[in-house]
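Structure first, commentary second.
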Amino acid sequence: ELGRLSMGFNRMLKNLKKQIELQSQQETAQRLVERELQMARETQKSLLPTDFPPFPLRQEFELHALHQAAYHVAGYFFDFFLVNPTTLVFVIADVSGKGMSAALVMAVTRTIVRDLAQSGRSPGDILHETNERLREGQRGSAFVTLFLGSYNTETGKVIYANGGHLPPYLISSSGNVSNVGDATGTIVGMLEQQEYRNAEFTLQPGDTLLLYTDGFPEARSPAGEFYGLPRIKALLQRNARGSSRELCEAAIHDITQYQNDNLADDVTLLALRRTTATPIALPGTLS
């Protein structure tokens, strides 16, 4: 009996040792994953604009953007820049996958778009060339949905191309909410020789354009209910007369509360508001 007890005890110790070793390996792997996520988060954050308002002397439009991170890192990003005194280029994108690989694809996509936009190409041409470069560079292992717009600060006209991204919301000063900017092509970086059409619409004085990633409409309550279109429209209508910053902050606050402060996915928002019908002349620019 003592012999059998001793053998059982030894087996128990052996199994316990294996469990301890397995747990140690799992903890090491978890630390490595967390380290990769943190590195990806820092890479992503370093590439996003942080100074707001970005163009304080420009009184004919407002621009604000927010990125609220969940635990997992995805390749969401936004960007904007003036290519001349009257043309503002803005972009929002969502890279497939998570972690460092998604953050790197995000960085490459941002660089390609910025480089091509500075050359004066149209949004459709930019998406076409971006598609080819990404596809050749990473052999279709990841793709990007991307909305790229070119905004005329004098007329309010937006020329855009949409590579499979969610269409933005247009909020009028009276509170009317509608979708504009439907897809003009497919996802970017996956399929060879894709064409992306240019399309356009015009912002009237007081109108706001809200671009977003899927963490906004797909936010879920603890019970699993989607945030949904009725809540989105009500939120946008309540903030129709507010600034672009107030709109972004109200949206982030509302969906964070809806998810009980536990975001399931990153949320990225970019709001562009046309404030006046006539731009303010700046020193060194044509009036």
Side-chain angles (χ1 to χ4, degrees), residues 47-49 54-55 58 60-65 75-96 105-137 142-170 178-204 207-214 244 268-274 279:
L47 294 174
L48 297 177
F55 309 106
R58 305 301 293 264
E60 70 272 28
F61 69 92
E62 293 177 355
L63 184 66
H64 195 77
Y76 301 135
F77 77 95
F78 62 86
D79 199 10
F80 46 81
F81 45 92
L82 288 164
V83 294
N84 60 55
T86 61
T87 304
L88 171 73
V89 173
F90 60 94
V91 59
I92 192 167
D94 180 0
V95 181
S96 64
V105 173
M106 162 202 161
V108 171
T109 304
R110 175 184 178 274
T111 300
I112 293 173
V113 169
R114 271 187 165 253
D115 178 55
L116 295 174
Q118 295 292 344
S119 68
R121 298 194 189 189
S122 71
D125 288 342
I126 292 172
L127 261 61
H128 171 78
E129 184 64 23
T130 301
N131 178 72
E132 293 306 302
R133 293 192 188 183
L134 286 179
R135 190 188 58 80
E136 293 171 0
F143 63 87
V144 184
T145 66
L146 190 151
F147 186 99
L148 176 67
S150 175
Y151 175 66
N152 187 306
T153 61
E154 292 183 333
T155 66
K157 179 186 289 187
V158 176
I159 301 174
Y160 74 91
N162 183 347
H165 198 77
L166 296 167
Y169 287 107
L170 176 62
S178 59
N179 280 118
V180 294
D182 289 336
T184 63
T186 188
I187 55 177
V188 179
M190 181 66 70
L191 304 174
E192 185 177 0
Q193 291 299 327
Q194 294 299 301
E195 296 300 324
Y196 299 87
R197 293 181 295 104
N198 291 311
E200 63 182 57
F201 56 87
T202 299
L203 298 182
Q204 301 300 326
D207 286 354
T208 302
L209 184 69
L210 180 67
L211 292 83
Y212 55 93
T213 55
D214 56 9
S244 57
T268 306
L269 303 172
L270 186 151
L272 171 64
R273 184 170 187 264
R274 185 181 181 191

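Quantities reported herein were computed from a predicted structural model and do not represent experimental measurements.
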Would you check, one step at a time, whether the test side-chain contact (heavy atoms from CB on, under 4.5 Å) holds for T87 with N152?
CA-CA 5 Å; T87 304; N152 187 306; 5.5 Å; no

Please walk me through it: do D182 and T184 pass side chain to side chain donor-acceptor pair (under 3.5 Å)?
CA-CA 6 Å; D182 289 336; T184 63; over 6 Å; no

Working for side chain to side chain donor-acceptor pair (under 3.5 Å), residues S244 and H64:
CA-CA 6 Å; S244 57; H64 195 77; 5.5 Å; no

side-chain contact (heavy atoms from CB on, under 4.5 Å) between T268 and F77, intermediate numbers included
CA-CA 7 Å; T268 306; F77 77 95; over 6 Å; no

Please evaluate residues R135 and F143 with respect to the criterion side-chain contact (heavy atoms from CB on, under 4.5 Å), reporting the C-alpha separation (whole Å), side-chain torsions for both, the decisive distance (0.1 Å), and the verdict.
CA-CA 8 Å; R135 190 188 58 80; F143 63 87; over 6 Å; no

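Here the shortest heavy-atom pairing between F80 and L270 reads CD2-CD1, 4.1 Å. Taking both residues in full, the closest heavy atoms of Q193 and H128 are given as OE1-CE1, 3.6 Å, listed atom of the first, atom of the second, then distance.
The shortest side-chain heavy-atom distance between P167 and V180 does not fall under the 4.5 Å cut-off. Side-chain contact between F55 and L82 is present, with heavy atoms from C-beta onward closer than 4.5 Å. Residues E62 and L272 are not in side-chain contact: their nearest non-hydrogen atoms beyond the backbone lie 4.5 Å or more apart. Taking 4.5 Å as the limit, some side-chain heavy atom of T86 sits within range of a side-chain heavy atom of N84. In this structure the side chain of H165 reaches within 4.5 angstrom of the side chain of I92, judged on heavy atoms. Looking only at side-chain heavy atoms (C-beta outward), F90 and L209 come within less than 4.5 Å of each other. Taking the side chain as every heavy atom from C-beta outward, V91 and F78 never approach each other to under 4.5 Å. Between M106 and Y76 the shortest side-chain heavy-atom distance does not fall below 4.5 Å.
To the nearest 0.5 Å, the span separating CE on M190 from OG1 on T145 amounts to 12.0 Å. From Q204, atom CD reaches atom OG1 of T202 across 6.5 Å, with rounding to the nearest 0.5 Å. With rounding to the nearest 0.5 Å, the separation of CG in L191 from OG1 in T186 is 5.5 Å. In this structure, the separation between OG on S150 and CG on N198 is 9.5 Å, given to the nearest 0.5 Å. For the atom pair CG (L127) and CD (Q194), the distance works out to 11.0 Å, reported to the nearest 0.5 Å. Of the inter-residue distances, the one linking R273 atom CZ with L210 atom CG reads 13.0 Å to the nearest 0.5 angstrom.
A donor-acceptor distance shorter than 3.5 angstrom exists from the side chain of R274 to the backbone of T155, with no hydrogens or angles considered. Put simply, the side chain of N179 gets close to the backbone of P168: a donor and an acceptor are under 3.5 Å apart. Of the possible polar contacts, one joining the N162 side chain to the G181 backbone as a donor-acceptor pair under 3.5 Å is found.
The distance between the ring centers of Y160 and Y151 does not fall below 6.0 angstrom. Separation of the Y212 and Y169 ring centroids falls under the 6.0 Å cut-off.
Taking 4.0 Å as the cut-off between side-chain N and carboxylate O, D115 and R133 count as a salt-bridged pair. Looking at D79 and R110, a side-chain N of the basic residue comes within less than 4.0 Å of a carboxylate O on the acidic one, giving a salt bridge. Residues E60 and R58 are paired through a salt bridge, judged by an N-O separation under 4.0 Å between the basic side chain and the carboxylate.
Put simply, the residue from L116, L148, V144, D125 that forms a side chain to side chain contact (heavy atoms under 4.5 Å, CB included) with T130 is L116.
At a cut-off of 3.5 Å, with distance as the only test, no side-chain donor of D94 or T213 sits close to an acceptor on the other residue.
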